[in-house]
> 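Just passing along the structure, written as structure tokens.
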Amino acid sequence: MKLFAFINQKGGVGKTTVAINLARALSLKGYKTLLIDADPQANAGSGLGVRVSKERSLYQALIEGNCERFILEPFPHLNLLPSSIDLVGLELELAEEENREYVFKNLLESSTFKGIPLLDFFDFILFDSPPSLSLITVNILTAVQGVVIPLQCEYYALEGLSLLVRTVRGVKASFNPELRLFGLILNMYDIRNKLSQEVAEEAKKHFAWIIFKTLIPRSIRVSEAQSHGKPILDYEPNHKVSQAFLALADEFVARAKSYQN
């Protein structure tokens, strides 16, 4: 299993932060990783120090039908297909298209990188999704194998998860029989905060079978790293959050491999 979507329709849960730093952790462990920014806000690019450009983006790759010319390499083993504001109009453009749910899937299957089919070149391909259950999100879910849900350890965090799970199951039934709920990541966890503990316990009651054991701590250093266009693993490698993402990467790889056996 190598194709994953990071999804939560609720904004502010740290979805993009988790996607960026987990992708970086995987690359530091030697895995060839591609992060595809499918959110028009393009925060995954800025979080990796990449300047947003309409000329080099996922939208342009969709027009050309091949990702190769638009993929950047901000860090060794970590590649990025950036987003741009142009992606906002994609929903309207796809509205009347036949098989509009398969546009991203077709792009991946037809693309190459360094002369090799894209799906063969990379060990992991991660989608950062927009914070909505839109046609773009459906396209992502149709293209991937596993869904990863970052969950903020705060009040209201569990609201909307049932709707997200129903959406995943609906896409699985209609467009992508290989799709599965792969993991739930407890993010911004504060061990001193009773509410964080309560949210974590409540999540375990309902989603025990997919929750990752590794908790991602809350820290202002993560926001500082983002302001410098760096993952926390490069901004402060020995920080507790960096170490948590490295541990999460090990757990992530082990779970992915277990589905291949």
Side-chain angles (χ1 to χ4, degrees), residues 1-8 13-38 43-45 47-50 71-81 118-119 121-129 140 144-153 180-189 191 200 203-204 207 209-219 221-226 228-261:
M1 183 178 284
K2 66 167 60 178
L3 294 158
F4 299 93
F6 286 72
I7 287 182
N8 196 321
V13 300
K15 170 184 57 62
T16 298
T17 299
V18 170
I20 288 172
N21 285 286
L22 181 56
R24 182 61 178 131
L26 291 168
S27 72
L28 285 168
K29 292 179 178 293
Y31 294 100
K32 290 180 288 187
T33 305
L34 173 62
L35 178 60
I36 300 177
D37 189 353
N43 290 331
L48 291 173
V50 172
I71 293 176
L72 309 173
E73 187 175 8
F75 296 93
H77 297 303
L78 175 56
N79 289 87
L80 171 73
L81 179 54
L118 188 81
L119 295 175
F121 183 90
F122 289 102
D123 298 308
F124 293 104
I125 298 175
L126 315 179
F127 276 90
D128 183 33
S129 311
I140 294 169
V144 302
Q145 299 159 307
V147 175
V148 181
I149 305 172
L151 181 70
Q152 184 180 8
C153 292
R180 67 173 68 227
L181 287 166
F182 180 79
L184 191 150
I185 298 171
L186 294 175
N187 188 36
M188 303 184 197
Y189 184 83
I191 195 171
K204 289 173 184 175
F207 299 97
W209 80 100
I210 58 168
I211 287 184
F212 285 102
K213 294 178 182 178
T214 304
L215 305 174
I216 306 300
R218 174 184 290 277
S219 174
R221 304 296 278 177
V222 176
S223 296
E224 290 176 11
Q226 292 171 340
H228 287 81
K230 292 182 177 180
I232 184 67
L233 291 111
D234 295 276
Y235 184 71
E236 196 167 330
N238 295 320
H239 194 273
K240 63 181 180 180
V241 178
S242 298
Q243 298 306 306
F245 273 112
L246 290 171
L248 178 63
D250 288 334
E251 198 177 348
F252 188 92
V253 170
R255 187 176 294 188
K257 289 182 176 178
S258 72
Y259 283 115
Q260 296 170 357
N261 298 329

> With Leu215, which residues qualify under side-chain contact (heavy atoms from CB on, under 4.5 Å), at least two apart?
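Leu215 satisfies side-chain contact (heavy atoms from CB on, under 4.5 Å) with Leu186, Tyr189 only.
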> OG/Ser27 to CG/Leu35 distance, rounded to the nearest 0.5 angstrom?
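Reported to 0.5 Å precision, the distance equals 10.5 Å.
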> Return yes if some donor-acceptor pair links the side-chain N/O of Asn79 with the main-chain N/O of Leu72 below 3.5 Å, else return no.
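Between the backbone of Leu72 and the side chain of Asn79 there is a qualifying donor-acceptor contact (under 3.5 Å).
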> Could I get the full list of side-chain contact (heavy atoms from CB on, under 4.5 Å) partners for Lys29, not counting sequence neighbours?
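With sequence neighbours excluded, Lys29 shows a side-chain contact (heavy atoms from CB on, under 4.5 Å) to Tyr31, Leu246, Ala249, Asp250, given in chain and number order.
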> Can you find a heavy atom in the side chain of Leu248 that is under 4.5 Å from one in the side chain of Leu22?
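A side-chain contact exists here, since the closest heavy-atom pair is under 4.5 Å.
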> Would you say the side chains of Thr17 and Gln226 form a donor-acceptor pair under 3.5 Å?
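There is such a pair (donor and acceptor under 3.5 Å, judged by atom type) between the side chains of Thr17 and Gln226.
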> Do the side chains of Phe207 and Leu151 get nearer than 4.5 Å, heavy atoms only?
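In short, these two side chains do not touch, never coming nearer than 4.5 Å.
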> Going by side chain to side chain contact (heavy atoms under 4.5 Å, CB included), Arg24 matches just one of Leu48, Thr33, Asp234. Which one?
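So the option named by the test is Asp234.
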> Is the NZ or CZ atom of Arg221 positioned over Tyr235's six-membered ring, under 6.0 angstrom from the centre and within 45° of the axis?
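No, a cation-pi geometry is absent between Arg221 and Tyr235.
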> In plain terms, say whether Asp128 and Lys15 are close enough for a salt bridge, that is, a side-chain N and a carboxylate O under 4.0 Å apart.
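A salt bridge is present here (some side-chain N lies under 4.0 Å from a carboxylate O).
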> Just checking Phe6 against Phe127, ring centres under 6.0 Å apart?
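They do not qualify: ring centres at least 6.0 Å apart.
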> On the six-membered ring of Phe121, is Lys32 placed so that its NZ or CZ lies under 6.0 angstrom from the centre and within 45° of the ring axis?
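Yes; both conditions hold, so Lys32 lies above the ring face of Phe121.
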> Between Gln145 and Lys2, is there a side-chain heavy-atom distance shorter than 4.5 Å?
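A side-chain contact exists here, since the closest heavy-atom pair is under 4.5 Å.
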> So does Pro150 get a backbone contact from the side chain of Asn8, meaning a donor-acceptor N/O pair under 3.5 Å?
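A pair under 3.5 Å: yes.
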> Can you check whether Asn43's main-chain N or O pairs, donor with acceptor, with Thr16's side chain at less than 3.5 Å?
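Checked: no pair found.
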> With sequence neighbours left out, what residues match Arg218 under salt bridge (charged side-chain N to carboxylate O under 4.0 Å, His left out)?
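Only Glu154 meet the salt bridge (charged side-chain N to carboxylate O under 4.0 Å, His left out) criterion with Arg218.
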> Mind checking whether Phe124 and Phe4 have parallel, tilted or perpendicular rings, split at 30° and 60°?
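The arrangement is tilted - the two ring planes meet at 30° to 60°.
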